[in-house]
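Report on one structure; see the data block that follows.
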Amino acid sequence: MASSLSPRFVTTRWSIVVAAGGQGDGSHARRALEDLCRGYWYPLYAYVRRKGCQPDDAADLVQGFVTALLDRRAFAAADPTRGRFRAFLLASFDHFIANQRRHDNAHKRGGGKTFVGLDFADGERRYALEPAHDLTPDRIYQRRWALSLIDAAMARLRQDYADRGKALVFDALAPLISAPSDQPYAQLAQQLGMTEGAVKVAVHRLRKRCRDLLRDEVKETVADSTEVEDELAYLLRTL
């Protein structure tokens, strides 16, 4: 079936989900949705924990929601005019919570079916490190979404360096990605066996590559490529 999407749409995980719309064989959309849920479940966990849910209840809600999202092919309701996965996911989760009856909790974590492996023990460890100040559930969701994107970009960036045998260089220079550009480089140059000028060039390239990868991560969560810069700017403001 020919796609009715605008030519501005790019082939990303989320655009695949939107394009499928629940029609025909949704196997590609399902895999894309699994990838997105696997990468961005933790902001939902932090969101519901900040609402006051205990760890086990929060884990049940998130796992149950992800299972229901995949089972019910909820991506059929995805609207290309509101094509940001971040917004779709939270709205769908709120709807799921509102319709969840107490006795459904007997079917723990999707009734024993786990389509997407989620490490809730790690999620709780991460939540314990969240700021103690009065972030609302919505604010912590947006903040954790932004940080999840950054984490994903940084993981890809480190893997790029590791593949080229430069993991130690990455580990040494990564703290400078978000540091002021006037940082002293002499000590790093000595540590890495590089000239100070070469270190400055390496940091510049590292920052540029990080920005490019972060844009790639954002692109995967919007349906229209024209939304990338606005979404990126919004998410960085949440930090």
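- Counting only heavy atoms from C-beta outward, the side chains of L206 and V169 never approach each other to under 4.5 Å.
- If you take CG on L90 and CZ on F85, they are separated by 11.0 Å, rounding to the nearest 0.5 Å.
- At least one donor-acceptor pair under 3.5 Å links the side chain of E220 to the backbone N or O of R13.
- A heavy-atom distance below 4.5 Å is found between the side chains of E34 and R38.
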What do the steps show when you test V203 against L188 for side chain to side chain contact (heavy atoms under 4.5 Å, CB included), and what is the final call?
-> CA-CA 11 Å; V203 171; L188 277 174; 5.8 Å; no

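- Between D57 and C53 the shortest heavy-atom distance is CB-CB, 4.4 Å.
- The main-chain N or O of G64 is never found under 3.5 Å from a side-chain atom of T67 such that the two would form a donor-acceptor pair.
- Residue L236 qualifies as enclosed at atom CG: its count of foreign heavy atoms under 6.0 Å is above 12.
- Side-chain contact check for L89 versus F65: some heavy-atom pair is nearer than 4.5 Å.
- Side chain to side chain, Q159 and D163 meet the donor-acceptor criterion of an N or O pair below 3.5 Å.
- A distance of 9.0 Å separates CD in Q191 from CG in L168, rounded to the nearest 0.5 Å.
- Across every non-hydrogen atom of V228 and V218, the tightest pair is O-CG1, 3.8 Å.
- Residues meeting the side chain to side chain contact (heavy atoms under 4.5 Å, CB included) test with R209, sequence neighbours left out: L157, D160, D212, L213.
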When you look at L232 and R215, which way does the side chain to side chain contact (heavy atoms under 4.5 Å, CB included) test go after all the steps?
-> CA-CA 7 Å; L232 180 59; R215 286 188 178 88; 3.8 Å; yes

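- A side-chain donor-acceptor contact under 3.5 Å links Y40 and E217.
- In this structure, NZ on K219 lies 13.0 Å from CD on E227, to the nearest 0.5 angstrom.
- Between C210 atom SG and R156 atom CZ the span is 10.5 Å, to the nearest 0.5 Å.
- The two residues I140 and A46 come nearest to each other via the heavy atoms CG2-O, 3.9 Å.
- The shortest distance between side-chain heavy atoms of R50 and D138 does not fall below 4.5 Å.
- Counting only heavy atoms from C-beta outward, the side chains of E196 and Q190 never approach each other to under 4.5 Å.
- Ring orientation note: the planes of W14 and F88 are tilted relative to one another, at an angle of 30° to 60°.
- A distance of 8.0 Å separates CE in M154 from OG in S178, rounded to the nearest 0.5 Å.
- Rounding to the nearest 0.5 Å gives a distance of 5.0 Å between CG of L44 and CZ of F93.
- A 4.5 Å side-chain heavy-atom check between R84 and D230 finds at least one atom pair inside the cut-off.
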So R144 and Y45, side chain to side chain contact (heavy atoms under 4.5 Å, CB included) or not? Walk me through it.
-> CA-CA 10 Å; R144 287 312 317 184; Y45 182 82; over 6 Å; no

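- Nearest heavy-atom pair across Y161 and A202 is OH-O, 4.4 Å.
- The nearest pair of heavy atoms linking V199 to A189 is CG2-CA, 3.6 Å.
- Side-chain contact between D94 and Y47: present, with at least one pair of heavy atoms (C-beta onward) separated by less than 4.5 Å.
- Using cut-offs of 30° and 60° on the angle between ring planes, the pair W145 and Y141 is tilted.
- Residues G39 and S148 come closest through the heavy atom pair O-CB, 4.4 Å.
- Formation of a donor-acceptor pair under 3.5 Å by the R207 side chain with backbone atoms of L176 is found in this model.
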